[in-house]
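Worksheet: the structure to be examined is printed underneath.
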Amino acid sequence: MTGRFDLRDEPWIPVRLLGESRRVGLRELFHRAHEIEDVELPVPPAASGLLRILAAMTARIAREDGVQLGDEELTDEIEDWLTHRAKVLARGRFDTEAVDAYFDTEVLSGRFDLFDAERPFLQDPRLRAECVDAKGKPNPSGVNKLVLGRPTGVNGAVLFGHFTDEDPVPVPAGEAAWHLIAQLYYGPSGQCTPRRITTVKPGNGDAGPLRKSVSFHVWASDLFTTLILQVPAPGDGVDLDGEDRCPWEEDTLGDPLGPLAPVTWPGRLLTGRARHALLLEPSADRTAVTNAYVTWSTHQSALSAADPYVVLDQPKTGAGAPFARPADGQRAVWRDLDALLLKGDGQSRRPSTFEHLPPALRPVLRVRAYGFDQDGQQRDNGWYEATTPPVLRWQADVDEEMALHVARCHRAAESVGDQLRFAARLAWKLTTDPGTDPSAKVRLDPKKPGPWASAALARYWPAAEREFWHLLTAQRCDILPHRPFVEAALGALDEAIGSARADVRAARARSRAHAVIRSVIPAGGLPLSDSRT
């Protein structure tokens with residue numbers, strides 16, 4: 001429709017449909033979810049946020065016997081909800097009439113327009129009047145502030161392209177929607193465009209609810225099944241009795257100065273916890289975004305509720321609230337598998353959507369991870385996406401022996417990695433410091449690790465991953481996992497040292513480092529005792 005960018009029907013979501021890459025709108029995505037093999041959105045934090053939005057919509061659309069998957073009548077007993085979910089899954093596809101009924105509701109029909117004057121999707125049109133300079137003129141943040149990866153400010157670093165605030169490049173409307181979603185879930189804390197509502201004009205805000213975290217999603221062979229499994233079961237920590245609404249379903253825009261609405265299941269849990277407010281300014285033909293406002297939406301303390309897609313870790317001290325496992329661009333997803341397969345060891349708890357999986361589907365279910373490596377404030381280091389082979393058949397609920405074997409292999413790889421880091425630093429110290437006694441206990445300076453440790457670990461972890469999957473493929477729970485990781489570590493260390501081994505001191509240092517690495521193998525060649533058994 002002229003003058004609109006309707007997310008229901010405009011092609012803006014990249015997917016793989018019947019073996020081909022294409023873009024679809026929300027309506028076609030749900031109509032053909034059973035034919036869609038994957039979501040191919042190239043910005044992982046946007047994909048992570050979009051999945052939460054789609055899961056909330058799924059809870060409204062998916063139904064059987066006239067009852068929605070997110071119906072409050074199903075919240076009394078988890079068994080009732082699981083039985084109803086099984087009926088929905090058995091249907092095999094979304095009911096097209098239910099899809100259209102949701103998107104074409106009179107109240108909602110205009111709220112999926114990215115540029116609607118009154119209720120643009122996930123935006124606040126009041127920002128045009130509230131984000132102004134001292135003379136009352138609009139004070140937008142700039143389109144570069146919207147797009148993740150673009151530099152902002154006069155001295156911003158050029159990382160992914162030569163974008164500057166002096167000559168901003170418009171972003172296509174569909175891609176702007178990706179970054180809108182990413183900002184709402186992963187946006188920074190600290191200084192932002194000031195917003196004047198009262199006589200006070202604060203210009204700082206809080207971080208998005210998923211900032212610096214990694215999300216784990218159960219992944220099936222088709223999007224319909226994937227989306228049904230994304231809907232979290234009703235559980236503790238959320239209001240199961242209050243009226244549940246997503247932001248686009250609310251009667252009015254939220255009050256930035258008022259109390260927060262309770263975290264209800266599943267809409268507000270998945271879509272209603274943003275700490276930022278945004279507004280996109282379209283081009284004249286409504287095909288691109290030329291400017292944007294990015295500011296705070298509330299300064300109220302965030303309401304506590306566990307996100308259903310994150311691993312919750314306990315502080316190492318044992319005291320304090322659990323926190324979402326942070327994303328680490330240097331850490332491969334297989335290193336988190338034990339936390340996803342085991343029920344919890346007191347130190348971590350797997351995502352709630354990994355509970356109560358349908359037994360018939362477990363053999364084919366994979367894990368998709370979306371991570372955004374950031375600090376807690378402004379710095380973005382990088383994002384990543386990874387998908388495992390089918391591993392959820394090894395959950396402890398089904399195959400406890402294999403789940404423990406996965407955990408044992410992971411711990412072996414980590415312990416060898418730690419030993420390799422120490423051994424490489426030790427070898428560098430013994431080689432470069434003539435005053436060091438090779439036979440004595442060596443004290444290492446943490447400020448002078450030398451180059452061998454990072455080089456060795458960069459080689460070790462890919463090799464360790466290959467050994468890890470080999471150990472799991474064998475499905476031999478009685479084999480000692482340390483030895484193949486030790487061999488990988490020895491090879492990685494030798495590659496890091498390289499031709500320096502020709503030096504006598506380096507050769508002696510290498511020999512001692514090898515002994516340090518081999519020492520991690522349990523005495524007698526037996527596996528280390530498993531604290532989980």
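Heavy atoms only: backbone and side chains are in, while hydrogens, waters and symmetry mates are out.
- Contact detail for Trp178 and Pro42: the closest heavy-atom pair is CZ3-CG, 3.6 Å.
- Using a cutoff of 4.0 Å between basic side-chain nitrogens and carboxylate oxygens, Arg4 and Glu10 are not scored as salt-bridged.
- A salt bridge links Arg60 with Asp244: the distance from a Lys NZ or Arg NE/NH1/NH2 to an Asp or Glu carboxylate oxygen falls below 4.0 Å.
- In this structure, Arg349 does not pair ionically with Glu355, as no charged nitrogen and carboxylate oxygen lie closer than 4.0 Å.
- Two residues are said to be in side-chain contact when any heavy atoms from C-beta on lie closer than 4.5 Å; Leu122 and Leu114 fail this criterion.
- Between the side chains of Asp397 and His356, no donor-acceptor pair is found at a separation under 3.5 Å.
- Closest approach of Leu260 and Ala302 over heavy atoms only: CD1-CA, 4.3 Å.
- Scanning both residues, Gly329 and Asp373, for their nearest heavy atoms gives N-OD2, 2.8 Å.
- Partner of Leu278 under the side-chain contact (heavy atoms from CB on, under 4.5 Å) criterion, chosen from Leu146, Ile181, Thr295: Leu146.
- When all heavy atoms of Ser213 and Ala324 are compared, the pair lying nearest together is CB-CB, 4.2 Å.
- Counting heavy atoms from C-beta outward, Leu229 and Pro358 have side chains that approach closer than 4.5 Å.
- In terms of heavy-atom proximity, Trp12 sits nearest to Leu7 at NE1-O, 3.0 Å.
- Classification of Asp100 and Arg27 as a salt-bridged pair holds, one side-chain N sitting under 4.0 Å from a carboxylate O.
- Contact check for Val43 versus His179: side-chain heavy atoms found under the 4.5 Å cut-off.
- Counting non-hydrogen atoms of other residues, nucleotides and ligands closer than 6.0 Å to CD of Gln191 gives a total of 12 or fewer.
- Salt-bridge check for Arg211 with Asp380: passed, with a basic side-chain N closer than 4.0 Å to an acidic carboxylate O.
- With 3.5 Å as the limit, one finds no donor-acceptor pair spanning the side chains of Ser48 and Tyr309.
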Exercise for the section: Please lay out, stage by stage, how Val67 and Lys87 fare under the test side chain to side chain contact (heavy atoms under 4.5 Å, CB included). Expected result: CA-CA 11 Å; Val67 180; Lys87 292 180 180 179; over 6 Å; no
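- Put simply, the side chain of Arg85 never gets that close to the backbone of Ile228: no donor and acceptor are under 3.5 Å apart.
- Annotation: side chain of Phe372 is not in contact with side chain of Leu210 (no heavy-atom distance under 4.5 Å).
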Practice task
Could you walk me through whether Arg52 and Ser215 pass the side chain to side chain contact (heavy atoms under 4.5 Å, CB included) test, one step at a time?
Solution key: CA-CA 10 Å; Arg52 288 165 168 82; Ser215 295; 2.8 Å; yes
Handout entry: Worked check of salt bridge (charged side-chain N to carboxylate O under 4.0 Å, His left out) between Glu250 and Arg111
Key = CA-CA 10 Å; Glu250 297 282 5; Arg111 296 184 183 177; over 6 Å; no
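- Panel note: side chain Gln230, backbone His217; no donor-acceptor pair is recorded below 3.5 Å.
- Using cut-offs of 30° and 60° for the angle between ring planes, the Phe30 and Phe103 rings count as tilted.
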Exercise for the section: Would you sort out whether Trp248 and Arg119 count as a side chain to side chain contact (heavy atoms under 4.5 Å, CB included), showing the intermediate values? Expected result: CA-CA 8 Å; Trp248 58 89; Arg119 293 293 296 273; 5.6 Å; no
Practice task
Assess whether side chain to side chain contact (heavy atoms under 4.5 Å, CB included) is satisfied between Leu337 and Trp394, documenting all intermediate values.
Solution key: CA-CA 10 Å; Leu337 273 188; Trp394 296 329; 6.0 Å; no
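- Between Glu175 and Arg23 there is a salt bridge, since a side-chain N of the basic residue sits under 4.0 Å from a carboxylate O of the acidic one.
- Using modelled atom types, one side-chain atom of Ser283 and one backbone atom of Ala288 make a donor-acceptor pair closer than 3.5 Å.
- Taking the side chain as every heavy atom from C-beta outward, Trp296 and Pro202 approach each other to under 4.5 Å.
- Ion pair Lys135/Asp133 not flagged as a salt bridge, since none of the NZ, NE, NH1 or NH2 atoms sits closer than 4.0 Å to an Asp/Glu carboxylate oxygen.
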Handout entry: From CA spacing to verdict: salt bridge (charged side-chain N to carboxylate O under 4.0 Å, His left out), Asp104, Arg8
Key = CA-CA 9 Å; Asp104 295 334; Arg8 295 174 299 179; 3.4 Å; yes
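- The two atoms that bring Leu340 and Val311 nearest to each other are CD2-CG2, 3.8 Å, heavy atoms only.
- Note on ring orientation: taking the six-membered ring where Trp is involved, the planes of Trp334 and His410 are perpendicular (angle over 60°, cut-offs 30° and 60°).
- With salt bridges taken as basic N to acidic carboxylate O contacts below 4.0 Å, one links Asp336 and Arg331.
- Contact annotation: the side chain of Val333 approaches that of Phe216 to within less than 4.5 Å [non-hydrogen atoms, C-beta and beyond].
- Between the side chains of Arg368 and Thr387, at least one donor N or O sits under 3.5 Å from an acceptor N or O.
- Side chains of Leu303 and Arg273 form no contact here, defined as non-hydrogen atoms less than 4.5 Å apart.
- Environment of CD in Gln377: sparse, with no more than 12 heavy atoms of neighbouring residues, nucleotides or ligands closer than 6.0 Å.
- Below 30°, between 30° and 60°, or above 60°: for Phe224 and Phe94 the angle between ring planes is above 60°, a perpendicular geometry.
- Using a 4.5 Å heavy-atom cutoff, the side chains of Pro247 and Phe121 are not in contact.
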